[in-house]
Structures are given as C-alpha cells and as structure tokens.
Amino acid sequence: MNDFSAFADLMKEFIEFFDTLIPIEQDKLNATVKNRVSLVDDLMHKEQAAVMRLRGLEQKREAEQKRLGLEGCTFRQILTKIPDTDVEVLKPLFDRMDQQVRTIRSLSKNIQDAIEVNLRVIELNLAGDPAGKATYSAKGQKEEKGTPRHFSSRSV
C-alpha cells in the first residue's frame, strides 16, 4: 500500500506556486495592454524565476510518481489507479490545479494577443501609416481616412 501524503503535499506546493504566478501574469497582461514595456520586462524576469521553480516542482512530481509506481500517468489516470480514500484527498487538489492551469493559459493567450496588437501598431507607425488611419467598412473593405469616397471625387 502506497502512502500518498507526500504526493498530496507536493500538489499543495504546485497550488501555492500557481497562486503566486497568476497575479504576476495578470500584472503582465495589464502592463502589456497599457504598453508599459519596462514593467513587462520586470514581470518577465519574475516569470523566468518562477519557471525555474516550476521545473524543480516538476522534477519532484516525476520522482514521486515513480516512487508510487505511477510514472508517466496523468492526474486523471492516477485517480483511477489509487484507493478511494486517496482519491478523496487528491481529486480536489487536482481540480484546483486544473483550474489554475486554465487561468494561466488564458492569461498567456491574452498577453500574446495584446503583444501582437502592440507590434502591429509599431509596424504601422514604422511604415508611415499611423495607427487609426486605415479603417474597415461594414462590409469588411479597407478604407483610408481622409480619402474622399463620394461621387464628386476626381480620383480614379
């Protein structure tokens, strides 16, 4: 019979880790949206330190799963292979971690989208097309502001 208390403690460490990482990612998103590059840079350094800690936790998890004879198993698979008393302890921890990972993924996607928008604005400015000059009609056609678009226009 395996003792899953050390594994449960490790899952709690993961949860605490994500509890500290999520606010960093939220701050990074806010800084990205506000185009505060130096703050984004500082937050990326914090994020890099967190990634190093995550690697250490992952190594511990892999070693613990190997000790338990569950090497290579997903959390869902683990729940099907352990006694019900341990499932009662681990399932809420796995569920909490799953929610946190989904939050991190969502924040990361939003950060990526915001960075892409900022880069597009920079590209437009570098090309001499200040952001906001080009717009789109209701039909999805690109229209240039300031270009006359009515019957009296002499441009062809």
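Everything quoted here is computed from the prediction, not taken from an experiment.
Evaluated for a side chain to side chain contact (heavy atoms under 4.5 Å, CB included) with Arg55, the options Arg53, Glu58, Met52 yield exactly one hit, Met52.
No donor-acceptor distance shorter than 3.5 angstrom exists from the side chain of Glu25 to the backbone of Ile104, with no hydrogens or angles considered. A donor-acceptor distance shorter than 3.5 angstrom exists from the side chain of Thr103 to the backbone of Gln99, with no hydrogens or angles considered. Within the 3.5 Å criterion, the main-chain N or O of Cys73 finds a donor-acceptor partner in the side chain of Gln65. Not one N or O on the side chain of Asn35 forms a donor-acceptor pair closer than 3.5 Å with the backbone of Asn118. Remark: the backbone N or O of Thr85 is not paired with any side-chain donor or acceptor of Glu88 at under 3.5 angstrom.
Interatomic distance, Leu90 CG to Ile82 CD1, rounded to the nearest 0.5 Å: 4.5 Å. To the nearest 0.5 Å, the span separating CG on Leu107 from CD1 on Ile24 amounts to 11.5 Å. Atom CD of Glu116 is separated from atom CD1 of Ile111 by 12.5 Å, given to the nearest 0.5 angstrom.
Comment: Asp19 engages Arg96 in a salt bridge, judged by a side-chain N to carboxylate O separation of less than 4.0 angstrom. With respect to the salt-bridge test (charged N to carboxylate O, under 4.0 angstrom), the residues Asp95 and Lys91 qualify.
Under the rule for a salt bridge (charged side-chain N to carboxylate O under 4.0 Å, His left out), the partners of Asp113 that lie at least two apart in sequence or sit in another chain are Lys109.
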